Amino acid sequence: MCGIVGAVSERDVQGILLEGLRRLEYRGYDSAGMAVLQADGSIRRAREVGKVAALADAIAETPCRGDLGIAHTRWATHGEPSRLNAHPHMSGDRLAIVHNGIIENYQELRDQLKAAGFEFTSQTDTEVVVHLIEQEYRRTGALIEAVRAAIGQLRGAYALAVMHADEPDHLVVCREGSPLVVGVGIGENFIASDQLALLPVTDRFMFLEEGDLADIRRDSVKIWDRSGAPADRGITRFEHGADSADKGEYRHYMLKEIYEQPKVIKATMEGRVTASRVLEQALGTEAGKLLENVRHVQIIACGTSYHAGMVARYWIEELAGVPCSVEVASEFRYRKHVIQPDTLFLCISQSGETADTLAALRQAKAAGFRAALAICNVPGSSLVRESDLVIMTQAGPEIGVASTKAFTTQLTALLLFTLALARHNGLSEQQEAEIIAAIHQLPGQVEQVLALDSDIAELARAFMDKNHSLFLGRGAMYPVAQEGALKLKEISYIHAEAYPAGELKHGPLALVDSEMPVVTVAPNNDLVEKLKSNLEEVRARGGELFVFADKAAEVKAGDGIHVLQIPPVHPITAPIVYTVPLQLLSYHVAVLKGTDVDQPRNLAKSVTVE
Ligand code: AGP
């Protein structure tokens with residue numbers, strides 16, 4: 001994790017670096033730092049514990065002016081969050097680096113460098129890298145060669161940006177396992193972990209590939225691939241509006257992103273469906289060929305994206321009749337699998353940079369899975385570039401660490417994919433048209449749920465002083481309950497567990513008492529009567545119920561039963577609509593508890609380490 005940003009310009013870069021860090025805070029926010037080359041030829045470094053705002057305050061007091069610089073926002077892996085462990089790290093006072101990733105052989109390198117006389121001031125793996133580059137610089141006398149030689153000795157994942165006071169005209173950067181993008185300006189160039197960081201200064205980007213090394217100067221960018229051959233990575237223009245990274249009138253990014261859902265669900269459908277059909281070609285020119293003869297789907301993802309995969313499994317098996325397995329990437333990558341013939345490998349990731357998901361994808365390709373399909377929100381991300389077919393969600397940048405609009409757009413994209421697959425497997429035109437009609441209603445239905453915001457805020461009060469909660473659902477609503485529980489625990493720090501409602505009596509019912517609120521999603525589907533019996537079991541044990549239900553489900557409010565009516569929805573699209581009240585519930589509980597809604601403790605938006 002961690003975010004890095006760098007600039008080489010003719011103007012002062014401290015403001016550019018600081019804004020870049022603010023935009024990268026989703027990658028980590030326990031400390032931040034910056035190093036710039038000052039007019040007198042010396043490097044000035046500033047580092048602070050805490051969020052980027054703390055660094056900004058320090059720099060406001062003692063500026064960090066210069067036309068070449070690098071900066072970093074950290075998510076601690078080696079060593080606690082402290083000023084000494086914060087980046088940039090330096091070797092002497094002429095060489096500085098920032099690093100995103102993990103160096104696995106850092107201990108042995110550290111021992112060697114110590115024996116060679118280098119002194120360490122931090123507990124980080126990064127300090128090993130900076131001393132190693134310094135050692136190579138003394139040998140080669142050229143920064144680019146020093147970095148090339150040093151990375152040849154590293155094992156692990158890294159994106160690095162390096163500057164040397166004796167070579168004031170350039171930055172040297174490289175990537176292996178962690179993302180890095182070059183922002184192309186006029187008379188100035190930039191680098192960052194994510195293009196979002198550089199949107200205030202450019203909309204033109206070059207995406208470095210694994211193993212690339214690059215020399216970034218004011219008026220040129222030279223890239224070499226892993227073999228040392230010059231590489232042309234092409235220039236891509238950014239697709240979303242630059243202001244999408246602003247909070248606007250909303251108090252938190254999370255709330256803004258919840259409210260954007262009608263718009264982004266629509267954007268994810270647009271151009272991909274007619275009034276009654278999915279346009280298979282719009283899912284990718286190769287989609288038809290890829291979906292033919294698929295006999296099994298293997299879905300891999302983490303966190304919220306995994307929950308999207310769980311919902312998709314119900315859809316794929318019900319509508320396409322194709323067996324589907326779903327597994328979290330961190331488990332999949334470390335076990336032996338039986339590859340069924342004609343398996344389509346499907347990765348879901350908002351960021352496209354989640355280390356476990358990428359590792360699983362690479363492993364699957366090496367193991368001979370038929371083809372890889374990605375559902376992703378970030379154009380140009382590693383996942384997008386390494387997959388055979390990509391369906392982009394059109395959520396726009398998601399800044400809140402708790403994923404909201406990414407999830408509902410993933411579901412939208414997955415449903416379109418399911419329909420395309422189902423058409424190859426006997427779904428009738430009439431069935432397809434019925435579901436497409438339901439998909440077209442989604443933006444309006446989500447609007448209707450958003451209109452219940454103040455009622456949901458009232459319900460949230462009951463959770464303020466609770467330490468535990470249960471979320472129940474049946475069928476495809478079970479992963480919706482899981483996602484609701486994940487939202488509540490990550491931003492309000494209330495322990496929340498999700499169960500398929502039928503499992504309650506097999507153990508968790510023992511936990512139920514008046515201190516254990518039980519949240520349930522109850523659309524009007526063929527499982528609703530069974531679900532109502534499960535709710536009786538809870539009520540009989542004194543549990544307080546919070547039920548989001550279709551009017552036709554006839555769940556009656558009463559003593560200890562709070563019912564919020566959700567507009568009628570098609571059973572297939574219900575998981576998308578019923579997610580929204582659970583997002584709002586978590587949001588309001590977190591606001592009432594006064595937690596850091598957009599940047600909850602211990603987490604980061606993009607998990608680029610194992
Ligand atoms: C959920 O709110 C989290 N942000 C987290 O579970 C996230 O979904 C997970 O880390 C996977 O991220 P990805 O979609 O970017 O791969």
Side-chain angles (χ1 to χ4, degrees), residues 1 3 24-29 75 178-179 193-194 196 252-255 257-258 261 299-312 326-333 346-362 372 374-384 386-387 390-393 395-411 413-414 471 479-480 482-493 496 498 579-580 582-587 589-590 595-610:
M1 316 231 274
L24 289 176
E25 248 186 342
Y26 72 86
R27 302 177 65 88
Y29 37 81
W75 186 79
S178 297
S193 303
D194 179 339
L196 201 58
H252 296 101
Y253 281 112
M254 183 182 178
L255 189 62
E257 289 160 5
I258 290 173
Q261 289 178 112
I299 299 181
I300 295 297
C302 303
T304 290
S305 299
Y306 168 72
H307 297 150
M310 291 277 288
V311 173
V326 192
E327 191 165 347
V328 289
S330 54
E331 287 299 315
F332 180 88
R333 64 181 289 197
L346 167 49
C347 290
I348 309 169
S349 171
Q350 186 282 130
S351 62
E353 299 295 349
T354 300
D356 285 322
T357 308
L358 286 173
L361 168 68
R362 289 168 190 157
I375 300 227
C376 189
N377 191 42
V378 179
S381 60
S382 304
L383 183 68
V384 166
E386 293 181 32
S387 299
V390 179
I391 305 178
M392 295 304 303
T393 50
E398 190 182 64
I399 311 290
V401 165
S403 199
T404 53
K405 62 177 179 169
F407 181 67
T408 47
T409 53
Q410 283 169 347
L411 290 180
L414 282 161
F471 283 66
V480 171
Q482 287 181 298
E483 175 58 12
L486 177 63
K487 288 288 88 83
L488 189 67
K489 69 184 113 174
E490 71 180 327
I491 61 168
S492 75
Y493 316 145
T579 294
V580 180
L582 301 188
Q583 295 169 341
L584 285 169
L585 180 68
S586 302
Y587 173 77
V589 176
T595 58
D596 191 339
V597 171
D598 286 328
Q599 295 179 331
R601 68 187 181 198
N602 307 339
L603 301 180
K605 180 73 181 162
S606 184
V607 186
T608 58
V609 293
E610 231 191 293

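Atoms within each ligand, like the ligands themselves, are counted from 1 in listed order. Just so it is clear, the model here is predicted, and its values are computed rather than measured.
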Quiz question: by atom type and distance under 3.5 Å, do the side chains of [X] and [Y] form a donor-acceptor pair?
| X | Y | value |
| --- | --- | --- |
| S403 | E398 | yes |
| E483 | T304 | yes |
| T404 | Q583 | no |

Do [X] and [Y] come within less than 4.5 Å of each other through their side chains, counting heavy atoms only?
| X | Y | value |
| --- | --- | --- |
| L486 | F407 | no |
| L358 | L383 | yes |
| L361 | I300 | no |

Suppose we measure from [atom] to each protein heavy atom; which comes out shortest, and what is that distance?
| atom | answer |
| --- | --- |
| atom 12 (O) of ligand 1 | T354 OG1, 3.5 Å |
| atom 10 (O) of ligand 1 | V607 CG2, 3.9 Å |
| atom 15 (O) of ligand 1 | S351 OG, 2.7 Å |

Option set A301, A308, C302, G303, criterion heavy-atom distance to atom 11 (C) of ligand 1, minimum =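 Among A301, A308, C302, G303, the closest heavy atom to atom 11 (C) of ligand 1 comes from C302.
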
Numbered atoms and elements of ligand 1 in range of [X], under 4.0 angstrom, heavy atoms:
| X | value |
| --- | --- |
| T304 | 1 (C), 2 (O), 6 (O), 8 (O) |
| S403 | 1 (C), 2 (O) |
| S305 | 8 (O), 13 (P), 14 (O) |
| A402 | 2 (O) |
| E490 | 1 (C), 2 (O), 3 (C) |
| K487 | 1 (C), 2 (O) |

Output yes when a side-chain donor or acceptor of K489 lies under 3.5 Å from a complementary backbone atom of A496, and no otherwise.
->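 Here the side-chain-to-backbone pair exists.
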
Identify the two heavy atoms, one from G309 and one from L414, that lie closest to each other, and give their separation to 0.1 Å.
->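 For G309 and L414, the tightest heavy-atom pair comes out as N-CD1, 4.4 Å.
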
N/O of [X] under 3.5 Å from N/O of ligand 1, yes or no?
| X | value |
| --- | --- |
| S349 | yes |
| V401 | yes |
| T357 | no |

Picking from S193, S178, S381, S382, what satisfies side chain to side chain donor-acceptor pair (under 3.5 Å) with E353?
->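 Result: among S193, S178, S381, S382, S382 is the only option passing the side chain to side chain donor-acceptor pair (under 3.5 Å) with E353.
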
Hey, is E353 touching ligand 1 through its side chain, its backbone, both or neither, going by heavy atoms under 4.0 Å?
->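 It is neither; nothing of E353 touches ligand 1.
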
